[in-house]
2 protein chains.
Amino acid sequence: MTDQPCIAIDAMGGDEGLAVMLAGVASARRRLAAQYDGLNFLLVGDETAIRAGLESHPNLSAHSEIVHAPELVGPNEKPSQAIRRAKVTSMGVTIDLVKKARAHAAVSSGNTGALMAMAKLSLRTLPGIDRPALAAPLPTLGDNDVVMLDLGANTECDARNLVQFAVMGAAYARIIFELDRPRVALLNIGSEDQKGTDEIRAAATELRAATHLPLAFTGFVEGDKLARGNHDVIVCDGFAGNIALKTAEGTARFVGDLLKRAFTSSIRSKVGFLISRPATQLLRDHLDPNNHNGAIFLGLKGIVVKSHGSANELGVATAIANAVKLVRADLTRRIAEDLGLDHRPAPAPVAVIDTGVGV
Amino acid sequence: MTDQPCIAIDAMGGDEGLAVMLAGVASARRRLAAQYDGLNFLLVGDETAIRAGLESHPNLSAHSEIVHAPELVGPNEKPSQAIRRAKVTSMGVTIDLVKKARAHAAVSSGNTGALMAMAKLSLRTLPGIDRPALAAPLPTLGDNDVVMLDLGANTECDARNLVQFAVMGAAYARIIFELDRPRVALLNIGSEDQKGTDEIRAAATELRAATHLPLAFTGFVEGDKLARGNHDVIVCDGFAGNIALKTAEGTARFVGDLLKRAFTSSIRSKVGFLISRPATQLLRDHLDPNNHNGAIFLGLKGIVVKSHGSANELGVATAIANAVKLVRADLTRRIAEDLGLDHRPAPAPVAVIDTGVGV
C-alpha cells in the first residue's frame, strides 16, 4: 500500500527499557532501509529520555520524530485501570497515532492486556468481528511457521469467535507465508468428531461447511502435533492458546537446560559440544523467540503488533519488520475482504510529522 | 497394605499388542520380585493367545493366572459403546477383578475414555468425589517430578472438581514423592488474582482458605513454569491438562528432531555428537516417556493405572511398578482419609486364583 511506512513505537513499554527499544528500532531501520526508502518512526514516551537515548543512534534520529507522553502503563496494571490513563501513557498515545492515521502501525512491548483493551477501545473491531485475537507465528518442522490464535486475549470463546479467528488467521497466513489456501485446524484434545467442548465442535461444523472461504479446514489437531508443519493456522480460545504457547516455550527451555546439564556433565561431553557448536548454534537461532517475535492483534481497524515483554534488540527489530510487512501487505483491508465486508481506505502515508503534541 | 500384591493386566489393550504387554509384565516381575515375594498377576484376554505368549516367559507363567475375556475395546471406540460390552472385553474384566477384590489394582494400555467410563461405572467414585481425574508424574528440573491432573478425563470442570483434584493430587504426591505438604498450584494464563476463568478463581479462593488440608497452595502457575520444579502438584481441567501434556510431549520431540537435524548436518557436528553421546543418552533416558509411564485415575474406589497406548516393554513395566507402589502405599484409603471420609477396608490379599472364568 505504501513504500513509506510510518510505525509508531511505544518506546517506554517492555521489561528491558528504553535503550533496548531504541536499539531495536535502529536495528530494524538498518535492516529495512534498502527496501523501504521512506521508512520512518514515531517514538512515543518521555521526550527528554528519548532524546538522550537517540544520541547513540544518529541514523535513527534522522528518520524519526518524538511524540511526548508523560506516563507509563505498568507491567501488572489492570487493563481497566490503564484505559482510564490512556491519553497520557506511551501505549495509549502510540495507538492513538494509528487511529489518527498519523502512523500505519503501532508496536509495543508493554502489558498485553492493557494493549488489547486500549487498541480495541480506540481502533474498534472490523465490522462483523466481535473480538480481536492475538496471533503469532511459531516455528515448525515444515516449510513455514504456523500461525496460532488466540494466544490469550480472550479467555473464553464461543463457536462464532472461533470461526472469525479462523478467517482472520487464514488471511494473516496468506500474507506472511504467501499461501493461497492455508490449512486451518482447531486445537482439541482428540482428533475424533465427538472430542472437545460444544463450542469447538460447533465451530468445526461451521468451518467444514464454509467451503467458500479461502482456507482449507483440516479438522482437529492435538497439542503434540502443533510443530509438525501439517497446518498453517491453529485456532483456539485464549486460555488454551496461552497454555499451549507457554508450555511449548517452557518445554523448549527445559530441554535446553537438560542439554546444557548433559553437555557440561563431563570433559568428554564438553569437547563433543564444542565440536558440534556451529550446528547447535543454528538450532538455538531457530528456536530463539526473538527470531519469531511480533504477535499481532487481528480483527482491529488498524495494525497493532505486540512485541514480547522481554524481547531484546533483535526481538524488537523482528517485531517491527513484521509490522512493516503487514502494512505493506495491507493486512487490515485483506482481512476485511476475506470477511466479505466493506473496508475503509488505508491511511495516507505520513510525510510531515508534528512532534511533542500530547495527543 | 500387602506384601503379596496381585495386579490385573488388560493383556490385549495398547497399540503394541499382546507380546509387548507380556514382556512388560515379565520385566516388572523381574524388577520387583526381590521386594515383593508374593507378587502375582491376572492376565486378562484371549486365553489361547496369552497361553501361547507365556511360553516365552516361563518365569511369569509361574506367577500369573489367565482370566479369559473374548473381546477387545477398540482404540477409537466410543466409551458409551465400550461400556455396553464391558463384561466380555479384556478391559472390562480387568476392572471387574479389582471390584471383586480378586486383584489390588488394574493396569491397561487401552482406550483412555473407555477405561475411565468403565472404571467409574464399575468401581464408583469415593464418597465426596464427583469425578475421577487422570493424573501422572511429569519430569522437572527439581528434586522430584510434578503430578499433573486432570489430563483429559473431564473436558470441563467447576471449582468444586478442581478443589477435589487438588486434594487427591496432593495425597498422590505425598505417597510417590514422600512429602508432607506438597506444593499445589492451579494452571492458569497469568499469576495475578484476576486472571483466568471464574472456575479457576473460585477454586483458588477455596484452596487459599483450606489451610487444614495437608498441602501448601502456591497460587497460579503458567504453562512455561510447569517443569521448573517449583511445584509438586499442578491442577487443571482435562482440556487444559491434555493440551499442556501433549504440547510438552510434542515440543520435546520437536526439539529432539531439530537436534538430530543439527547433529547430522555436517561431518563435524556428527563427530561432536558421537563424542557427547553418553551425556545425550542420559538426557534421552530422562525424557523417555516410558520412564514416566503410568497415569492413574484418582478418586475411584480402587486403583486403575493407565499405561500409554504406545508404551514399550519398559513403559509397561514402569506402569506396573507404579501400580504396585500405590497398592503397597494403600493409596485409596489415604485419599479417602485426606478427604475426611470414611473408608472401606482394603481387599484381602488373593492367595488362590481361579482361572478361565468369564466373569
Undergrad: Checking heavy atoms, do the side chain of I200(A), its backbone, both or neither come under 4.5 Å from chain B?
TA: side chain
Undergrad: I need the minimum non-hydrogen distance between R253(B) and D224(A), along with the two atoms involved.
TA: NH1-O, 3.9 Å
Undergrad: Considering residues, nucleotides and ligands other than H308(B), do more than 12 of their heavy atoms fall under 6.0 Å from its NE2?
TA: no
Undergrad: Would you say T247(A) and T251(B) make side-chain contact, with heavy atoms under 4.5 Å?
TA: no
Undergrad: Which atoms of L245(A) are under 4.5 Å from chain B, going by heavy atoms: the side chain, the backbone, both sets, or neither?
TA: neither
Undergrad: Is there a side chain to side chain contact (heavy atoms under 4.5 Å, CB included) between L141(A) and L258(B)? Walk through the geometry before answering.
TA: CA-CA 8 Å; L141(A) 292 171; L258(B) 290 178; 3.8 Å; yes
Undergrad: Could you measure the distance from the CD atom of E156(A) to the OG1 atom of T197(B)? Nearest 0.5 Å is fine.
TA: 6.0 Å
Undergrad: Could you tell me which of E249(B), K225(B), E222(B) has the largest number of non-hydrogen atom pairs under 4.5 Å with chain A?
TA: E222(B)
Undergrad: Tell me, with the steps shown, if I243(A) and L187(B) meet side chain to side chain contact (heavy atoms under 4.5 Å, CB included).
TA: CA-CA 8 Å; I243(A) 296 291; L187(B) 181 62; 3.5 Å; yes
Undergrad: Which atom pair, heavy atoms only, marks the closest approach of F239(B) to N188(A)?
TA: CE1-OD1, 3.6 Å
Undergrad: Please test I189(A) against T155(B) for side chain to side chain contact (heavy atoms under 4.5 Å, CB included), starting from the C-alpha separation and ending with a verdict.
TA: CA-CA 9 Å; I189(A) 59 172; T155(B) 306; 3.8 Å; yes
